[in-house]
Amino acid sequence: MELSAIGTGFNYALTCPAQSYFPLIPSASAPTTTTRRKNSQRTSAVTATPLLKEPRNESQPPPPSGQRRHSKSYLARQAAILEVQQSSDLDSALQRLEGTLKVQDLNVILRNFGKQSRWNDLSQLFDWMQQNDKISVASFSSCIKFMGKSLNPMRALEIYSNIPDEAIKSNVFICNSVLSCLVRSGKFDISTKLFHKMKQNGLTPDVITYSMLLAGCIKVKHGYSKALDLVQELKYNGLQMDSVMYGTLLAVCASNNQCEEAESYFNQMKDEGHSPNIFHYSSLLNAYSAVGNYRKAEELVQDMKSLGLVPNKVIRTTLLKVYVRGGLFEKSRELLLELEALGYAEDEMPYCLLMDGLAKAGNINEARSIFDEMKEKGVKSDGYSHSIMISAYCRGGFFEEAKQLAKDFEAQYDKYDLVMLNTLLCAYCRADDMESVMQTMMKMDELRISPSYTTFHILIKYFCKQKLYLLAYRTMEDMHRKGHQPQEELCSSLIFYLGKTKAHPEAFSVYTMLKYGKRTMCKALHEKILHILLSGQLLKDAYVVVKDNTELISQAAIKKFANAFMKLGNINMINDVMKVIHGSGYKIDQELFQMAISRYIENPEKKDLLLQLLKWMPGQGYAVDSSTRNLILKNSHLFGCQLIAEILSRQQMMSKALKSH
DNA sequence: ATAGGGTTAG
């Protein structure tokens, strides 16, 4: 322990030549690798210092800096810093050295813990500093920054919100650290909200604040317009864009396909006197790659070279992407050779770019030959190239080839992730290899990888194709349970098949999943499900469908529904159904009334409902015809003769009045 | 005495 402490102290002296004047430190010029024996040999030589550029000996005056006077306490503090850092019991070390260590020393330790990713120690030290009131703004700032690095934004927010002093809470360094921590942890929305709150509480943002938030726009939806807002606000506050901000802004443009904007910022940046570095070029080139603008890309690379910047692996790979997107496969191949020669093609990525481009352009055989060449050369691969080719074969309809490569992959690699599993699944489904499909699903289960939207989609489609409609339905149920909203087209066809195979309740269940999802659905689907429900005699469900979609269902379908319902539907709902279909603009005919009334006559205990219906009719312009009236009169003893006679006469008066008009 | 950015890639 002691020895190592001395050793490190010695190294520290190396970084601070001024310390070499102190006899405690043997040699400032001794290299780290020098052995202890050589060290001791040299000590005397250094004391004489005849070869040093600025020889000093005892007769010379001491250096003007204050370091000499404070040397003892300074050294004690350095030693204490080391002791704390190397201590196995942090709290006791802190207790022991409390008198020696100043706040800035503790901050040094804090930062060192951060640099070494010693998160627990960092947290413990910070707590101690807070409890012992040995803390400064810098401590907060550093600590919060490292909370971002350790991806612990909640702890950072907690620390920040526990700061009692409003002035410290609005300190720009602390605010910047908090925001940086949030942005780094992918919490852009929270950081934006907090930023506004901070401004309200008195924060004056600086370039770094804006730069940080701008960086958050790269991986975010509508990042470009958010970035523009930030830039505008920055300018409004009298701040100026610097080279860092331009770099970030270019990356935002590139990731949002704002090619022309990227170009114009690049030029603007140069006009303002900032010289672009390789990253600025890289981002702009990336923007060109999205649109395949190879002319501009080539120009840019020339421009870059003329400034003395050497295109690196990323630049060249991005240029390859430009050529691929632009459909310049000859040039792509040439560039790939160049990458190989430079040792930039040691992994499969550039090959995959070209293969994918070729396959998507319909040139699947050429893609395959690159794949084979690559395998022959023994290029490092983690299976991505297989995935590219399998997808390409599936897209092109070469299902056997896809399956072959899928099997090939499984024999060679044991690295499965969700995307790969989905790719394999797709290949096995298309090649109609049920056994492998099931094996893949078991694999997924085994690896505790939960199926994605795509997984379910592939499976459901496959099961439909296999006419395993109930299995497809169960899968869709599962998908829905996991919170995925199935695609309408898939639902629609499954509904159709389920209906055809007389799985009416299942068909309705699929319809319900779709209906309560967020997406809009095809208008014709309501009528389709209505027919299915009617053929399954699910009249209550049919009633709900009609009620909820009256204006989307044809008169013919309403008629079919109404007839079915009057014949066999729940007698208690007959009047409701009448009202609903009338409300939809459907003109109820005599046949329907007669059916309803016959049901009531068969069930005399429902006489109240019959009376209600008869009373309702004249208000809507309906009256029973003579044959129905006779039917009612014949059974009027069941319902109360007097009442029936009254109601019928009112109906008659109404219908006469209508006729005379 | 502390805070910032960017590149290829399912």
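Lettering of chains follows the sequences in order, A, B, ..., and the numbering in each one begins at 1. Please read all numbers here as calculations on a predicted model, not as lab measurements. No hydrogens, no waters, no symmetry mates; every other heavy atom, side chains included, goes into these values.
In the set B/dG10, B/dG6, B/dA3, B/dG6 carries the atom at the smallest distance from any side-chain atom of A/F279. Closest contact between the side chain of A/K145 and the listed nucleotides B/dG4, B/dG10, B/dT8 involves B/dG4. Each of B/dA9, B/dG4, B/dG5 was ranked by its minimum atom distance to the side chain of A/V207; first place goes to B/dG4. In this structure, the nucleotide among B/dG5, B/dA3, B/dA9 sitting nearest to the side chain of A/S177 is B/dA3. Ranking B/dT8, B/dG4, B/dA9 by closeness to the A/R325 side chain, first place goes to B/dA9. The nucleotide whose nearest atom lies closest to any side-chain atom of A/S282 is, among B/dA1, B/dT7, B/dT8, B/dT7. Picking from B/dA1, B/dG5, B/dT7 the nucleotide with the shortest atom distance to the side chain of A/N107 gives B/dA1. Checking B/dA3, B/dT8, B/dG4 against every side-chain atom of A/F173, the shortest atom distance belongs to B/dA3.
Note on A/M349: a base of the nucleic acid sits closer than 4.0 angstrom, heavy atoms only. Within the nucleic acid shown, A/A251 comes within 4.0 Å of sugar-phosphate atoms alone, with no base atom in reach, counting heavy atoms only. At the heavy-atom level, A/N171 lies nowhere under 4.0 Å from the strands shown. A/L285 comes within 4.0 angstrom of no nucleic acid atom, judged by non-hydrogen atoms across all strands. Using a 4.0 Å heavy-atom distance criterion, A/D417 is classed as a base contact. In this structure, A/T248 reaches the sugar-phosphate backbone alone: every heavy-atom distance under 4.0 Å involves primed, P, OP1 or OP2 atoms, never a base.
A salt bridge links A/E263 with A/K296: the distance from a Lys NZ or Arg NE/NH1/NH2 to an Asp or Glu carboxylate oxygen falls below 4.0 Å. A salt bridge links A/K270 and A/D303; the closest N-O separation between the charged side-chain nitrogens and carboxylate oxygens is under 4.0 Å.
At the phosphate of B/dT8, OP1 or OP2 sits under 4.0 Å from a side-chain N or O atom of A/N286. Under 4.0 angstrom from either OP1 or OP2 of B/dG5 there lies no side-chain N or O belonging to A/S243. Taking only side-chain nitrogens and oxygens, A/R184 comes nearer than 4.0 Å to OP1 or OP2 of B/dG4.
Here the side chains of A/T440 and A/Y428 are in contact, with some heavy-atom distance below 4.5 Å.
Ring geometry for A/F140 versus A/F126: interplanar angle over 60°, hence perpendicular rather than tilted (30 to 60°). Classified by interplanar angle (parallel below 30°, tilted 30° to 60°, perpendicular above 60°), the ring pair A/Y281/A/F266 is perpendicular.
Rounded to a whole Å, the CD1 atom of A/I159 is 19 Å from the P atom of B/dT2. Rounded to an integer number of Å, the gap from A/L320 CG to B/dT8 P is 14 Å. In this entry the distance linking CG of A/L106 with P of B/dT2 reads 15 Å, nearest Å. In this structure, CG of A/L309 is placed 14 Å from C1' of B/dG6, rounded to the nearest angstrom. Atom-to-atom, CD1 of A/I174 to C1' of B/dA1 comes out at 12 Å; the value is rounded to the nearest Å. Between A/L239 atom CG and B/dG5 atom P the separation is 17 Å, expressed in whole Å. Distance CZ (A/R395) to P (B/dG10): 13 Å, rounded to an integer number of Å. Regarding A/I144, its CD1 atom lies at a distance of 16 Å from the C1' atom of B/dG4, rounded to whole Å.
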Self-check item: Residues A/E401, A/R368; criterion salt bridge (charged side-chain N to carboxylate O under 4.0 Å, His left out); working and verdict
Solution: CA-CA 10 Å; A/E401 285 83 351; A/R368 179 59 194 250; over 6 Å; no

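Taking 90° from 0 as the syn/anti boundary, the base of B/dG6 is oriented syn.
The base of B/dG10 does not come close enough to the side chain of A/H386 for any donor and acceptor atom to sit less than 3.5 Å apart. Judged by atom type and distance alone, A/D356 does not reach the base of B/dG10 through any side-chain donor-acceptor pair under 3.5 Å. Residue-to-nucleotide contacts include no donor-acceptor pair under 3.5 Å from the side chain of A/S283 to the base of B/dG6.
More than 12 heavy atoms of other residues, nucleotides or ligands sit less than 6.0 Å from atom CG of A/D271.
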